[in-house]
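Below is one structure, written out as structure tokens, with a few remarks after it.
Throughout, protein chains are lettered first and strands after them, A, B, ... in sequence-line order, and every chain is numbered starting at 1.
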There are 2 protein chains.
Amino acid sequence: MELDVAIIGCGPAGLSAAINAKIRKKTVKVFGTEVCSAKLESAPWVENYLGMQTTGTELGAMYLRHFTDMGLKIHRTRVDTIVSTGTGFMVAAKGEIYEARTIILATGISQTTYLPGERDFVGRGISYCGTCDGPLYTGKKVAVIGYTAEAVEEAKFLATIASLVYYIPQGTDMTGPHPNIEVVHGRPIGILGEVSLTRLALRDKELRVDGVFIFRETTPVEQILADLELSQGAVHVDRQMATNIPGVFAAGDCTGRPFQLAKAVGEGAVAGLSAAAYLDKRS
Amino acid sequence: MELDVAIIGCGPAGLSAAINAKIRKKTVKVFGTEVCSAKLESAPWVENYLGMQTTGTELGAMYLRHFTDMGLKIHRTRVDTIVSTGTGFMVAAKGEIYEARTIILATGISQTTYLPGERDFVGRGISYCGTCDGPLYTGKKVAVIGYTAEAVEEAKFLATIASLVYYIPQGTDMTGPHPNIEVVHGRPIGILGEVSLTRLALRDKELRVDGVFIFRETTPVEQILADLELSQGAVHVDRQMATNIPGVFAAGDCTGRPFQLAKAVGEGAVAGLSAAAYLDKRS
């Protein structure tokens, strides 16, 4: 079944986009990770969302209740990549593929601290998705840096393709020996190479590899969707929250400052309505 | 006392702007008419403002309570005109003058139906403010069209300047005779003239006048503040809610579609923070 709207992110912007698209009778799926908005949930007191003055936890609960009351739920899977098909989009999330006619990006601000050199080798040895890029490393050596638990499964999957997988746990240990997997302990300090990536440097050793897969809680939004235009590090949007890619909208912290709840909720509403209007025009 | 921020309008965008500017420790004055948001107050059920599903009346009351809890109140006076002084602004509201370093326009959508020809003679015979433009008509004949009660007072004031005031009540009768005032009943159907205004046409007669003062519940925002840039009939703003005039911000329905609470509240928050940031940069 093709979705009308796939929403990436379950923070305030994502939930607001969802309820608004749902009110306009669109089919909606919200993709979220375990924690929808760390910032909201840890706020001791919120006093600038008009109408409610309460704790971040309580406000988050009220948001979720509203969303749930409308028959919506969060699909707890991290989206790895989104590809345009010309008439719509394919959303790849942990090996599952969903089709959607429009996309709303509500991924928040990326808290990612990149490894030195990491951004220089994206698409030339650095990857954030085993399913997507694994086949490129058939018979080759790769490293998997695991900041999140899913890295263990990804490493095992990659071990069925690559000749050798170095697994570098960052608080995500792997139990038992696995064929083609060598666990290496150490803190990654940089990515090295010339035309393409050749080495992963750890604090006290270097590994010769052809690819490095990194699994973190958040993937920078511009790495989920190719050709997305940024402006000062944020997703570039117009006043209707449309990005440079037709059918793709964005809302909330990922569109830039100020990083505020009211802005996120307002932009989410506009993005939800814009996606609905976009669909209505083409139906 | 010079205000940090003068906010024109007491609907959701204006209140949200106010609480955000107040949190940033700015002095704020909110100018509002009797009804802050007719649309909100008449909404039987609001289901798309994330976190609360309730009636418009109740939501409006929650908004106002939040605003009041923060020590803010609404100054119930209609703003007639705003003039830039180079370093700030003068806000004229029913004969009172306030100074403000920044302005946030949150005037909503104008429901005004113009009289035929009205917009052609703004500044050349049409006026919305007796105090501001009265002296231009010293010894001349003017007409006052009264849709609101204040028109009666304005007509009396103008009668002290003009040689004759035709008062045309539109549901706002004047009791007793007044020097220099002639009450004329009839429905206005157009404004006539060549280089400047010369006649007001009523359904069954025409009045030869040099000026026509019109008093309605709402004044179109672009007539409050000269040189304000519009885009498709709405106030043109950037992503920080800045207008084309430095120090003037706008939020809510006056900035264009979609006309939604969440958008108004979000834009109000951004405008409030932008005004605060603008002040901080210059202090």
Side-chain angles (χ1 to χ4, degrees), chain A residues 11-24 40 46-54 58-67 69-70 231-232 234-241 251-252 255-274 276-277, chain B residues 11-24 40 46-54 58-67 69-70 231-232 234-241 251-252 255-274 276-277:
Chain A
L15 301 190
S16 180
I19 64 169
N20 279 278
K22 178 78 192 276
I23 288 168
R24 297 292 163 113
L40 174 60
V46 179
E47 60 175 356
N48 64 348
Y49 183 68
L50 191 65
M52 291 183 275
Q53 297 174 80
T54 183
E58 173 57 19
L59 192 54
M62 289 170 81
Y63 285 174
L64 196 60
R65 200 177 310 135
H66 187 162
F67 173 81
D69 280 354
M70 296 193 65
S231 163
Q232 299 182 303
V235 179
H236 182 78
V237 285
D238 67 13
R239 294 262 309 138
Q240 302 307 315
M241 309 316 292
T255 71
R257 291 177 184 279
F259 302 136
Q260 295 288 336
L261 277 179
K263 167 180 175 285
V265 170
E267 290 188 355
V270 174
L273 296 171
S274 291
Chain B
L15 302 189
S16 180
I19 64 170
N20 278 278
K22 178 78 193 275
I23 289 168
R24 297 293 163 113
L40 174 59
V46 180
E47 61 176 356
N48 65 347
Y49 183 67
L50 192 65
M52 291 183 276
Q53 297 174 80
T54 183
E58 172 58 19
L59 193 55
M62 291 171 80
Y63 285 174
L64 196 60
R65 200 177 310 135
H66 187 162
F67 173 81
D69 280 355
M70 297 193 67
S231 163
Q232 299 183 304
V235 180
H236 182 78
V237 285
D238 68 12
R239 294 265 306 140
Q240 303 307 316
M241 308 316 292
T255 71
R257 290 179 183 277
F259 302 135
Q260 295 288 336
L261 277 178
K263 168 181 175 284
V265 170
E267 290 188 355
V270 174
L273 296 171
S274 291

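The candidate with the highest count of non-hydrogen atom pairs below 4.5 Å against chain B, out of A:K22, A:Q240, A:R239, A:M62, is A:R239. Among B:I23, B:L64, B:L273, the residue with the largest count of heavy-atom pairs under 4.5 Å with chain A is B:I23.
Proximity to chain A (any heavy atom under 4.5 Å) is shown, for B:A262, by both the backbone and the side chain. Heavy-atom distances place both the backbone and the side chain of A:N48 under 4.5 Å from chain B. For chain B, the nearby parts of A:L15 are the backbone and the side chain; heavy atoms of each come within less than 4.5 Å. Heavy atoms of A:T255 lying under 4.5 Å from chain B belong to its backbone as well as its side chain.
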With side-chain contact (heavy atoms from CB on, under 4.5 Å) as the criterion, how do B:R65 and B:F67 come out once you've worked through the C-alpha distance, each side chain's angles and the decisive distance to 0.1 Å? CA-CA 5 Å; B:R65 200 177 310 135; B:F67 173 81; over 6 Å; no
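For B:Y49, the ring-ring contact (aromatic ring centres under 6.0 Å, His included) partners at least two apart in sequence or on another chain are A:Y49, B:Y63.
With a 4.5 Å cut-off on side-chain heavy atoms, B:E47 and A:M70 count as touching. For the pair A:Q260/B:V270, no side-chain contact is recorded, criterion being any heavy-atom separation below 4.5 Å from C-beta on. Inter-residue side-chain proximity for A:V46 and A:L261 is flagged as met; some heavy-atom pair is nearer than 4.5 Å.
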